[in-house]
Every structure is written in structure tokens, then in C-alpha cells.
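Data block below; observations after.
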Amino acid sequence: MAETFLLDIAQRVVEKIAHLSMEELGLAFNVESDLRKLKETMSSTKAVLLDAERQQHQNEKLRLCMWKLRDIFYDAEDVVDDFKCEALRKQVVNHPNISFKRLNELATEWNNFNLGQGTDNRHVFHRETHSCVNSSDVIGRDEDKENIIDLLMKPSEDPNIPVIPIVGIGGLGKTTLTQLVYNDDRVTRCFPLKIWICVSDEFDLSRLLKLIIHSINKGEKCDNLTVEALQICLRSLLNDKKFLLVLDDVWNENRARWIELRDILGSMDYLCGSKIIMTTRSLKVAFIMSSIHPYELKGLPFEDCLTLFIKWAFNNEDERQYPNLMRIGKEIVQKCKGVPLAVRTLGSLLFLKTDESYWISIRDSEIWMLEQSENDILPVLKLSYNHLPSHLQRCLALLSLYKKDEIYYSDQVVYLWMANGLLEHPKQKQDWEDVGDQYLNELMSRCLIQMNLDYGDVFTFKMHDLIHDLALEVSQKECKIVNCQTKTIDENVRHLSFCDDKQINVAQVFTKLKNVRTVMVQEVSKESKAIHESLVSLCVSNFKYIRALCLQDSPLTALPNSIGALKHLRELDLTNCCNIKKLPSSFYKLRRLQSLRMRGVPLMQLPVSMETLIELRYLEITIKAKKLKGSRLRSWTSLQCLVLVDCGNLECLSKEMKCLTELTHLILHGCTELSDRY
């Protein structure tokens with residue numbers, strides 16, 4: 001189901017109001033009191049949003065009200081950002097208080113739902129696993145099984161009970177692998193006592209001790225015992241036995257809670273050689289609980305996936321009768337990218353179905369659009385999403401704008417998030433870029449993205465296709481990928497990505513859109529300059545609140561002079577727009593630009609119009625001049641990173657470089673004539 005992202009939008013708006021400077025408030029003519037009321041109303045609304053998110057699935061009126069509220073919150077954010085923009089121009093803002101009125105009107109409807117304040121337990125869920133497995137049903141995990149058993153049998157010098165962490169995204173088969181190990185005869189002989197606990201929803205010491213006790217002796221009455229009594233009871237049951245404890249599906253990131261349980265178990269093990277296997281989707285959880293390097297489970301090879309698919313899609317070797325379906329089936333298996341649960345989900349949908357057109361429809365559909373039950377792949381992956389803090393949920397959703405199999409660059413993603421106001425305000429001694437990097441590391445630790453190449457301050461990463469499907473599902477009303485088949489777009493969509501090298505009817509697609517904040521052109525017919533000109537023209541005329549405009553590899557020969565009207569634009573990417581020779585005279589009006597990428601745009605010199613870009617933090621540029629003009633540099637007091645690319649004539653930099661007091665990175669590439677002098 002599409003997400004509203006209400007909580008995070010509300011938090012960002014309240015945060016922005018709180019950080020308005022006295023100068024900015026002074027320009028807010030006649031609306032300072034309205035801003036104060038807006039902050040109060042949004043704060044009180046935010047307090048009950050968690051309850052609203054819990055109830056919306058059973059209450060259609062509430063859900064519709066939440067979508068209305070989302071649009072009002074976005075409008076309120078635009079109002080607050082207007083004060084920021086006009087403060088840079090030193091102009092008084094007499095802003096219509098439409099958003100304030102709409103919010104007050106909706107508040108009456110909101111109050112009718114009797115929502116209450118509550119704690120953030122969106123990530124709490126109840127899932128049960130067990131230790132039983134039919135080994136003949138498991139395909140392709142023999143090597144992984146042997147590797148885990150080797151780790152179990154290996155002597156340990158760890159003073160604490162050794163913990164073997166198995167890590168991977170949902171649906172990879174971590175639990176199934178652990179079941180195989182748990183039921184192996186060698187493991188049974190080595191560990192006289194085996195205990196299986198599904199931790200899942202909450203890592204509560206009392207609850208876990210009771211589960212362990214009941215696993216050892218189902219008749220033990222311990223429900224009303226204190227923790228002290230529970231540990232005494234457990235000690236008597238273990239009685240110095242060597243045990244294997246499985247902690248399946250662990251999400252806890254509170255190290256203190258783990259240490260409490262570890263110390264109790266450790267005090268009962270002595271030198272018996274007991275061990276723990278735990279499964280988790282989070283590398284952070286693995287490092288909290290173990291000093292052993294996590295066993296990161298990989299996807300199954302294609303042939304194993306195909307065997308598994310046949311098992312679920314056909315009955316009793318029926319696949320031999322349907323070679324036409326098998327050809328389609330192989331393409332369906334490719335979509336699953338090695339994830340067994342995805343294979344099982346799609347295979348189950350096709351079981352006893354022999355209509356070729358139905359198989360083709362499954363092949364050609366996005367996985368997130370197919371109907372699925374609670375234990376199928378997307379609902380299982382959604383647990384990882386639900387467990388994210390609200391600010392990371394919104395950031396993950398925005399990654400759906402990129403194509404599948406994309407190599408993401410960390411700095412580009414961070415500046416896209418920054419442009420759209422998705423980052424929390426930096427704490428002391430932090431920069432905005434640090435906050436963005438922190439978000440990426442958090443998503444990586446939860447196995448939602450994977451490191452590709454590390455270049456030091458910048459790295460590239462990938463996202464599994466199924467995680468991309470998850471991002472597409474939750475962002476349905478927030479983000480839209482546009483291709484030649486797109487006829488209409490929900491008028492409240494905020495982020496667009498063009499991913500098609502065929503002709504797109506730009507005017508038709510944009511008919512009702514007014515609130516778009518991001519436009520990314522990844523693939524639009526390079527031969528048709530007219531499409532690109534039409535696209536940019538419509539961006540300028542329709543999207544006055546656009547924050548990010550990415551036009552990489554565009555055949556444009558010039559930007560329209562009207563681009564100066566985009567006063568909210570934070571990111572402009574013109575990488576390899578090699579037909580653009582100069583910037584329009586109105587460029588100086590883009591005072592809120594934070595990131596400007598012009599690698600491969602052959603400018604003669606830094607334009608005068610760039611002096612006003614006082615919020616610029618990242619600049620990537622190609623120039624033909626022999627020397628940088630220093631006067632352009634003095635105002636860039638926020639610039640963090642300057643990248644000079646293919647400046648083949650550049651012989652020296654400017655003495656004014658010393659004015660760039662915040663500059664932390666100067667990157668030179670292909671500047672063959674450059675000396676080390678100013």
C-alpha cells in the first residue's frame with residue numbers, strides 16, 4: 001500500500017519553522033503569528049499521527065483525510081521555504097495563508113477520529129517460526145549448511161558464548177538454512193540440548209527467558225515469575241548441559257538488552273561449549289551480538305532457482321508437458337534475482353495455471369503489483385521497511401526514481417535527499433553531508449542497499465531488484481517513473497523520473513501536475529531535442545516549487561532564460577550536456593542552489609551569474625580558461641566540494657581559493673596543464 005510519509009513531512013516542517021532566523025521571520029509580513037500557530041497545529045497533529053497510521057488500514061475516511069493532510073503539509077513546507085528564498089533576495093513576503101486555513105479546517109475533521117498519542121511501535125509485529133524442515137524441499141543450500149556447521153564445531157576462545165550471525169534480506173532463506181543446520185544429525189550429537197526461539201517483535205528479557213524455559217520444558221509454569229526467579233528456573237533446567245540456542249529473526253539494536261541476556265546465559269554455560277545461532281536482516285544487530293564476522297547469505301544460483309520454481313509452479317513433473325510455459329518460466333525466475341521466497345511466491349501464483357497469456361502477464365508485471373498473501377515476498381520485505389525510522393522510510397522511497405540495476409553514487413543521492421529536505425537538521429559539528437552519509441550507512445547496515453565500490457569519501461552502491469520493488473510499492477503516490485506507456489499521472493505525485501528512450505508525450509503527461517519537486521531524466525530519446533526543450537519549459541512553467549532537476553546527457557543547446565524563476569531549485573545536474581556553451585543571464589536568481597554539476601559543459605570561464613549562489617555546497621565544472629576568476633569564488637562561503645574536470649587549458653587556480661573557508665575537497669581530473677601555484 002502507498003505510504004503518506006506524514007510523520008516525517010510533519011517533523012521536517014516543524015524543524016524548518018524552528019530554524020527560521022530572525023531576519024527570515026522579519027520578512028514574513030503579517031504571518032509571523034500564523035507561522036507560530038502552524039507550528040503548534042502541526043506539532044499537535046504529529047503527536048497522534050502514529051495512531052492514525054495504525055488505524056488507517058481499517059478506516060477509509062481516515063486514510064483519505066491523511067492524504068489531504070499530506071498535501072497541506074507539503075504546501076506548508078513550501079510556504080516556509082518561501083521565507084528562506086525571499087530572505088536571500090531581501091524581499092518582504094506577504095504570503096497568503098491558505099495552507100494555515102486549510103489545516104485548521106481539516107483539524108475539525110481530524111478530531112472526529114478520536115486519535116490518541118502513542119509510542120512509535122510501527123515496527124512491532126508478530127511472526128512465528130519453528131525448527132521443523134523437510135530437507136528434500138530445500139534446494140541449493142548444502143554448501144551454506146556445511147559452512148555454518150563448520151563454525152559450530154570450531155573451538156572458540158571467546159569468553160562469552162559464541163554467537164554465529166546469519167545476515168541477509170528478507171526471503172533469502174536465513175530461517176530455512178538455520179532449520180537445516182538445527183536438524184542435522186552431527187549437530188544433534190554435538191549439542192544434547194537444542195532450543196529454538198523466534199525473537200521477532202520485541203527483545204524483552206523476561207519474555208525471552210520464558211520462551212527458552214518453555215522450549216526446554218513445556219510443562220514449566222513460569223508466566224508470573226520475576227526475572228530473578230526465571231534465571232534460577234532456567235539454571236536448574238540447563239544443569240550444565242551443552243546447548244545450541246537459535247535466536248531467529250532478531251531486530252534488537254539495543255546492546256544493553258542483549259548483554260543482559262548474554263550474561264545470564266553465559267553464567268550457566270561454564271566451559272560446556274554451548275553456542276548460539278542468530279538470524280537477522282541487520283548487520284548492525286549482528287555486530288552488536290557477536291564478535292564473529294557475520295555469515296552474509298547470498299542469493300541462489302539461477303539453476304537452483306529454476307528447480308525451486310518448477311517445484312512450486314508444476315505438479316508431478318508436469319513441466320515436461322508445457323515447454324512453452326517453461327520458456328516463460330525461465331524469464332520469470334530471472335526477475336527473482338536469487339531470492340527463494342520470491343521464486344516460491346511467483347511459482348505459487350502459477351500453480352495449476354496452464355494459460356500461456358496468464359504466465360506472460362505474471363512475467364511482464366512488476367512483482368509489487370501482484371496480489372500476495374502475508375507470507376509472500378513483498379509483505380515479508382515490508383517488515384524491513386516498517387522497522388525503519390520515518391525519515392529513512394522516505395529516503396528509501398525516493399531511491400525508486402532510479403532504474404533497476406542502477407549503480408548509485410552516494411554523493412548524488414545525498415544531495416538529492418538534501419534538495420528535497422529529507423535530512424534531519426545537523427547536530428553540532430555535523431554537516432548536512434554527514435547526515436546523508438549516516439542515512440546511507442544505516443540503510444546499508446539493514447541490508448536494504450549493498451556497497452559496490454568504496455572510493456573513500458564517496459562510494460557506489462546497489463539495491464536488490466526486490467528492494468526496488470518494495471520502494472516502488474510504498475512510493476506509488478509520491479514517485480512516478482514515466483515511460484512511453486504513461487498516459488496520466490496522479491496530480492499529487494511529487495517526484496518524476498523519465499526512463500524511456502522512446503518518444504514521450506511530455507505535454508500530455510504533465511497536464512495536471514503542479515506540485516512536482518524532482519524531475520530526473522535518465523533516458524529520453526537523445527535524438528529529439530524538442531522533447532528535452534519541452535520538458536524543461538514545462539518544468540519552469542508548471543513546477544514553481546521544484547527542488548531537483550537532473551538533465552544528464554541532454555542534447556539541449558541552451559537553458560531557457562525563464563529558469564531563473566525556479567527560486568526553490570537546490571540541485572541542477574547538467575552532466576555531459578555538451579551542447580550548452582553558456583548559462584542564461586537569469587542564472588544568478590537560482591540563489592538556493594546547493595549542488596551544481598556541469599561536468600562536460602564546455603564553459604569558457606566561471607560565469608559572473610554564479611557569484612550569487614551563496615548556498616552552493618557542491619560544484620562540478622569544466623572550463624576552457626587558463627585561470628579561474630577569483631571574484632566568482634568569494635561568495636561561495638558554504639562550498640564543501642569543488643570538482644574541476646577536463647579543464648585542459650587550466651594552468652593555475654585563483655588566490656581567492658583561500659576565501660573558500662568551508663572547502664574540504666578539491667578534486668582535479670584531467671587538468672593536465674595545472675601547476676601547484678595560484
Side-chain angles (χ1 to χ4, degrees), residues 19 21 84 88 409-419 423 425-441 454-460 547-548 569-575 583 587-588 590-601 603-678:
H19 283 92
S21 67
K84 287 272 186 187
L88 290 174
Y409 284 80
S410 61
D411 59 328
Q412 291 180 6
V413 168
V414 167
Y415 281 110
L416 178 63
W417 287 344
M418 194 188 304
L423 304 183
H425 205 276
K427 298 178 175 63
Q428 284 187 341
K429 296 184 179 180
Q430 260 192 332
D431 289 318
W432 289 100
E433 291 82 356
D434 297 330
V435 177
D437 288 341
Q438 183 181 311
Y439 283 17
L440 285 172
N441 288 329
D454 190 349
Y455 298 103
D457 293 312
V458 175
F459 60 89
T460 59
R547 266 67 166 185
L569 195 65
R570 267 78 151 185
E571 178 176 28
L572 179 59
D573 190 344
L574 301 172
T575 301
L583 300 179
F587 203 77
Y588 75 95
L590 303 179
R591 291 181 174 89
R592 294 224 66 185
L593 268 184
Q594 297 169 333
S595 169
L596 177 58
R597 297 173 190 270
M598 295 193 294
R599 173 198 297 247
V601 178
L603 301 178
M604 286 304 300
Q605 180 56 271
L606 291 176
V608 178
S609 59
M610 291 179 64
E611 290 180 12
T612 59
L613 309 184
I614 61 175
E615 295 200 348
L616 202 61
R617 303 180 67 86
Y618 182 96
L619 175 62
E620 190 173 289
I621 196 166
T622 298
I623 61 169
K624 294 182 176 180
K626 292 186 176 183
K627 182 177 180 179
L628 285 180
K629 280 197 177 178
S631 60
R632 313 288 191 268
L633 308 176
R634 293 172 194 159
S635 57
W636 297 344
T637 54
S638 297
L639 194 67
Q640 301 266 318
C641 183
L642 175 60
V643 185
L644 300 173
V645 184
D646 296 333
C647 304
N649 299 325
L650 192 65
E651 296 177 353
C652 61
L653 302 176
S654 167
K655 292 181 180 179
E656 300 297 334
M657 290 284 291
K658 295 176 181 177
C659 298
L660 304 178
T661 54
E662 296 299 313
L663 191 70
T664 56
H665 295 82
L666 174 61
I667 300 171
L668 307 171
H669 182 75
C671 303
T672 52
E673 300 300 314
L674 188 63
S675 67
D676 58 359
R677 60 188 173 85
Y678 283 124

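Residues take their numbers from the sequence shown, with the count starting at 1.
Summarising the geometry of Val601 relative to Leu574, their closest heavy-atom pair is CG2-O, 3.3 Å, with the distance given to 0.1 Å. For the pair Leu663 and Gln640, the tightest heavy-atom approach, listed with the atom from each and the gap, is CD1-O, 3.5 Å. Between Tyr618 and Leu639, the shortest heavy-atom distance links the atoms N-CD1, 3.8 Å. Scanning both residues, Ile623 and Leu628, for their nearest heavy atoms gives CD1-CD2, 3.3 Å. The nearest pair of heavy atoms linking Lys627 to Gln605 is O-NE2, 2.7 Å. Nearest heavy atoms, Val414 versus Leu423: O-CD1, 4.4 Å.
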Practice problem: Assess whether side-chain contact (heavy atoms from CB on, under 4.5 Å) is satisfied between Thr612 and Phe587, documenting all intermediate values. | Solution: CA-CA 9 Å; Thr612 59; Phe587 203 77; over 6 Å; no
Exercise. Give the intermediate values and the outcome of side-chain contact (heavy atoms from CB on, under 4.5 Å) for residues Gln412 and Leu416.
Key: CA-CA 6 Å; Gln412 291 180 6; Leu416 178 63; over 6 Å; no
Practice problem: Begin from the C-alpha positions of Tyr455 and Asp411 and carry the test side-chain contact (heavy atoms from CB on, under 4.5 Å) through to its verdict. | Solution: CA-CA 11 Å; Tyr455 298 103; Asp411 59 328; over 6 Å; no
Practice problem: For Glu662 and Ser638, run side-chain contact (heavy atoms from CB on, under 4.5 Å): C-alpha distance rounded to whole Å, both residues' side-chain angles, the deciding distance at 0.1 Å, then the answer. | Solution: CA-CA 6 Å; Glu662 296 299 313; Ser638 297; 5.6 Å; no
If you look only at distance, which donor and acceptor atoms sit under 3.5 Å apart when one is on a side chain in residues 433-440 and the other is two or more places apart or in another chain?
| unit_1 | atom_1 | unit_2 | atom_2 | d |
| --- | --- | --- | --- | --- |
| Glu433 | OE1 | Arg617 | NH2 | 2.8 |
| Glu433 | OE2 | Tyr415 | OH | 2.8 |
| Glu433 | OE2 | Arg617 | NE | 2.9 |
| Asp434 | OD2 | Asp431 | N | 2.9 |
| Gln438 | OE1 | Gln430 | NE2 | 3.1 |
| Tyr439 | OH | Glu424 | N | 3.0 |
| Tyr439 | OH | Glu424 | OE1 | 3.3 |

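In this structure, Leu668 CG and Asp646 CG are separated by 11.5 Å, a value rounded to the nearest 0.5 Å. Atom CZ in Arg547 sits 5.0 Å away from atom CZ in Arg570 (nearest 0.5 Å). Here the CD1-CG distance, from Ile667 to Leu644, works out to 9.5 Å after rounding to the nearest 0.5 Å. The structure places CD of Glu615 at 12.0 Å from CG of Leu590, a figure rounded to the nearest 0.5 Å. With values rounded to the nearest 0.5 angstrom, Leu619 atom CG is found 4.5 Å from Met610 atom CE. Note that CG of Leu613 is 12.5 Å distant from CZ of Arg592, once rounded to the nearest 0.5 Å.
Leu653 places a side-chain heavy atom less than 4.5 Å from the side chain of Leu666.
Of the possible donor and acceptor atoms, one in the side chain of Thr622 sits under 3.5 Å from a partner among the backbone N and O of Val645. Ser635 places a side-chain N or O within 3.5 Å of a backbone atom of Glu611 that can act as its donor or acceptor partner.
Under a cut-off of 6.0 angstrom, the local environment of NE2 in His425 is crowded, with over 12 non-hydrogen atoms contributed by other residues, nucleotides or ligands. With a 6.0 Å radius and a threshold of 12 heavy atoms from other residues, nucleotides or ligands, Phe459 has its CZ atom above the threshold.
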